[in-house]
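Quick notes on the structure that follows.
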Amino acid sequence: MIVTRFAPSPTGYLHIGGLRTAIYSYLWARKNNGKFLLRIEDTDLARNSKEAADAIVEAFKWVGLSHDGEILYQSERFDLYKTYVQKLLDEGKAYKCYMSKEELDALRAEQMAKKERTRYDGRYRDFTGTAPLGIEPVIRIKAPIDGQISFVDGVKGEVVFNAKDMLDDFIIARSDGVPTYNFVVTIDDALMEVTDVIRGDDHLSNTPKQIVVYNALGFSVPRFHHVPMILNPEGKKLSKRDGATDVMEYQKEGYLPETLLNFLIRLGWSHGDQEIFSLQEMQEWFDPTDINKSASAYNKEKLLWLNAHYIKTMPYERIIEELKYFGVDIGLHVRKEVLVDAIRDRAKTLKEFASQVQQILDAPQSYDEKAVEKFLTKEAMAVLEDYLAVLIAKGMMSEASEFEEFTKAFLEEKGLKLKDIAQSLRIAMVGNSVSPSVFEVLSIVGYNEVIKRIQNLIQGVRVES
RNA sequence: GACCCCAUCGUCUAGUGGUUAGGACACCGCCCUCUCAAGGCGGGAACGGGGGUUCAAGUCCCCCUGGGGUCGCCA
């Protein structure tokens with residue numbers, strides 16, 4: 001049985017880097033009919049918030065990642081952790097350290113001055129004297145002083161650390177009794193029976209510490225997979241300044257969850273030359289040992305391309321549903337399918353999609369100056385007036401093909417080309433010289449409204465000139 | 001600074017000793033065309049440097065360089 005987990009600390013929103021490791025963990029569990037668990041690491045009472053924890057859950061919901069079982073909050077497990085602290089204390093594998101913060105700082109400063117690695121010097125490791133007054137001790141674990149700690153990482157391969165330059169007797173419980181990260185992570189992963197820890201490679205150097213805890217507590221060590229980070233387009237560490245690092249920001253910008261999933265999984269992982277993956281395919285083919293060792297830069301162009309791809313291939317109902325988020329409801333429009341098809345090749349995001357729909361649905365309030373100047377010549381206006389007259393005479397039409405047939409017949413009789421009317425008609429419909437095919441636009445706008453908009457343009461332009 | 005990780009087109013990547021180094025995004029050109037897209041076709045574009053090992057190295061080893069991470073009573 002494969003058990004994976006995602007264990008964010010709720011200090012803010014869900015970051016796309018975090019989402020990527022979550023996806024990897026999710027996929028690996030699902031592929032193996034295992035379990036994917038969610039744990040909130042909120043032991044740092046001062047920096048965590050309920051809102052942040054909820055935001056993470058909300059983001060999970062949006063992208064469609066489902067976790068198994070209840071969400072585990074570390075803040076509710078302090079008593080449990082304390083029993084393990086006590087166990088180590090009883091077994092002599094951990095001890096109380098009465099060094100004050102000031103002393104610790106001084107020690108670090110001294111080591112820094114000597115250009116040494118900063119580390120606790122173990123002064124209370126074998127302390128048997130009387131405890132200094134007025135100091136609440138921290139609990140430190142006895143870490144190996146020499147030898148090596150090695151493990152086989154699913155992504156990086158064999159990683160070896162020398163105990164003497166990686167480890168010191170690190171704190172497992174603060175002076176207020178609250179246990180620390182490296183300690184609780186280990187206990188929870190062991191108790192939750194996590195078999196595969198998939199996390200960012202910024203945790204790589206925490207791993208030997210955690211192995212110390214696994215060993216001290218007699219737990220078996222899981223497999224680790226340290227996933228490289230995501231870089232910004234400049235190749236630097238992705239930070240909040242880089243814009244959309246919050247997963248929910250992508251919804252606001254009009255990206256689909258499948259786009260983000262596909263983009264993120266493909267960043268650092270591949271399956272031959274394939275670019276587009278269904279969730280099924282991801283589940284079938286994903287293996288954490290295939291994750292690339294090197295960091296990869298975030299590329300917005302590719303994200304847009306992927307989003308465009310999903311928009312182009314998405315069922316009507318789904319698009320109509322998604323559009324509601326952007327305040328556009330075309331569910332009752334008679335030509336909703338023509339409308340969707342007219343826009344889907346032209347919008348890279350749902351946000352763009354919504355605004356393009358709006359542009360066709362709403363009668364133009366003004367006309368683009370450059371377009372007017374360029375296309376609404378005297379001749380063009382004359383043609384448009386003729387067209388209007390014939391259009392009114394002809395009577396009701398609705399399909400795009402009907403408008404096309406009608407218009408072509410009109411042009412042929414006049415000895416004109418489509419060029420001679422397309423742009424002026426387009427300006428009448430949407431106010432500028434860019435839109436989907438005019439015939440589709442005419443059909444979407446509808447016969448009566450088409451007439452109205454042409455009349456508006458004719459009147460409007462006359463007033464101006 | 002110490003320790004660790006990493007290194008193929010601008011970017012994401014394929015590649016597991018013998019390849020004209022492949023694909024995708026982006027870019028450029030052509031085609032299609034009522035505008036804009038979409039689509040089709042084509043193009044330029046990479047193995048960081050230096051040593052080895054080998055008949056043969058992008059692929060294995062070492063060094064350098066460059067990038068990144070970690071060194072908290074944060075997670």
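Reminder, nothing fancy here: chain letters follow the sequence lines and each chain counts from 1. Everything numeric in this text was worked out from a predicted model, so none of it was measured.
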Are any of [X]'s side-chain N or O atoms less than 4.0 Å away from OP1 or OP2 of [N]?
X: A/Lys408; N: B/C34; value: no
X: A/Thr118; N: B/A2; value: no
X: A/Lys293; N: B/C6; value: yes

Parallel, tilted or perpendicular, as decided by the 30° and 60° cut-offs, for the rings of [Y] and [X]:
X: A/Tyr124; Y: A/Phe127; value: perpendicular
X: A/Tyr84; Y: A/Phe219; value: tilted
X: A/Tyr214; Y: A/Phe224; value: perpendicular

Can you tell me, in whole Å, how much space there is between the [atom1] of [N] and that of [M]?
N: B/G44; M: B/A2; atom1: C1'; answer: 45 Å
N: B/A46; M: B/C5; atom1: C1'; answer: 23 Å
N: B/G22; M: B/G18; atom1: P; answer: 15 Å
N: B/G42; M: B/A37; atom1: P; answer: 22 Å
N: B/A26; M: B/A75; atom1: P; answer: 43 Å
N: B/A7; M: B/U11; atom1: P; answer: 14 Å
N: B/G72; M: B/C60; atom1: P; answer: 35 Å
N: B/C6; M: B/C64; atom1: C1'; answer: 15 Å

Which nucleotide, [options], lies nearest any side-chain atom of [X]?
X: A/Val159; options: B/A75, B/C4, B/A37; result: B/C4
X: A/Lys312; options: B/C73, B/G39, B/C4; result: B/G39
X: A/His203; options: B/G67, B/U70, B/A75; result: B/A75
X: A/Arg426; options: B/G68, B/U70, B/C34; result: B/C34
X: A/Val138; options: B/G68, B/C73, B/A37; result: B/C73
X: A/Phe439; options: B/U35, B/C34, B/A75; result: B/C34

Remember a base hit wins even if backbone is also touched, and classify [X] as base, sugar-phosphate or nothing at under 4.0 Å, heavy atoms.
X: A/Pro228; value: nothing
X: A/Met229; value: sugar-phosphate
X: A/Arg108; value: sugar-phosphate
X: A/Phe375; value: nothing
X: A/Met429; value: nothing
X: A/His226; value: nothing
X: A/Leu418; value: base
X: A/Thr43; value: sugar-phosphate
X: A/Lys417; value: nothing
X: A/Phe161; value: sugar-phosphate

Which base sits across from [N] as a Watson-Crick or G-U pair, both distances under 3.5 Å?
N: B/G66; value: B/C6
N: B/G29; value: B/C41
N: B/C34; value: none
N: B/C60; value: B/G52

With a 6.0 Å cut-off on the ring centroids, do [X] and [Y] count as close?
X: A/Phe410; Y: A/Tyr387; answer: yes
X: A/Phe375; Y: A/Tyr367; answer: no
X: A/Tyr298; Y: A/Phe263; answer: yes

Base versus backbone protein contacts along nucleotides 58-63 of chain B [heavy-atom cut-off under 4.0 Å; B, S, -]: ------
Base versus backbone protein contacts along nucleotides 13-31 of chain B [heavy-atom cut-off under 4.0 Å; B, S, -]: SS-------BBBSS-----
A/Glu405 atom CD: more than 12 heavy-atom contacts under 6.0 Å: no
Does [X] count as lying over the ring of [Y], i.e. NZ or CZ under 6.0 Å from the six-ring centre, within 45 degrees of the axis?
X: A/Arg125; Y: A/Tyr95; answer: no
X: A/Arg223; Y: A/Phe151; answer: no
X: A/Lys351; Y: A/Phe326; answer: no

Presence of salt bridge, A/Arg77 and A/Asp188, under 4.0 angstrom: yes
Electrostatic pair A/Asp420:A/Lys417 at N-O distance under 4.0 angstrom: no
Sidechain-backbone polar pair: A/Asn262 side chain, A/Phe277 backbone, donor-acceptor under 3.5 Å: yes
How many whole angstroms separate atom [atom1] of [X] from atom [atom2] of [N]?
X: A/Leu411; N: B/C34; atom1: CG; atom2: P; answer: 11 Å
X: A/Gln148; N: B/C3; atom1: CD; atom2: P; answer: 14 Å
X: A/Asp345; N: B/C34; atom1: CG; atom2: P; answer: 17 Å

Side-chain donor/acceptor contact of A/Ser175 with base of B/C73 under 3.5 Å: yes
Base B/C36 to side chain A/Arg346, donor-acceptor N/O within 3.5 Å cut-off: yes
Comparing A/Lys156 and A/Asp201 on RNA chain B - which has the more 5′ nearest nucleotide: A/Lys156
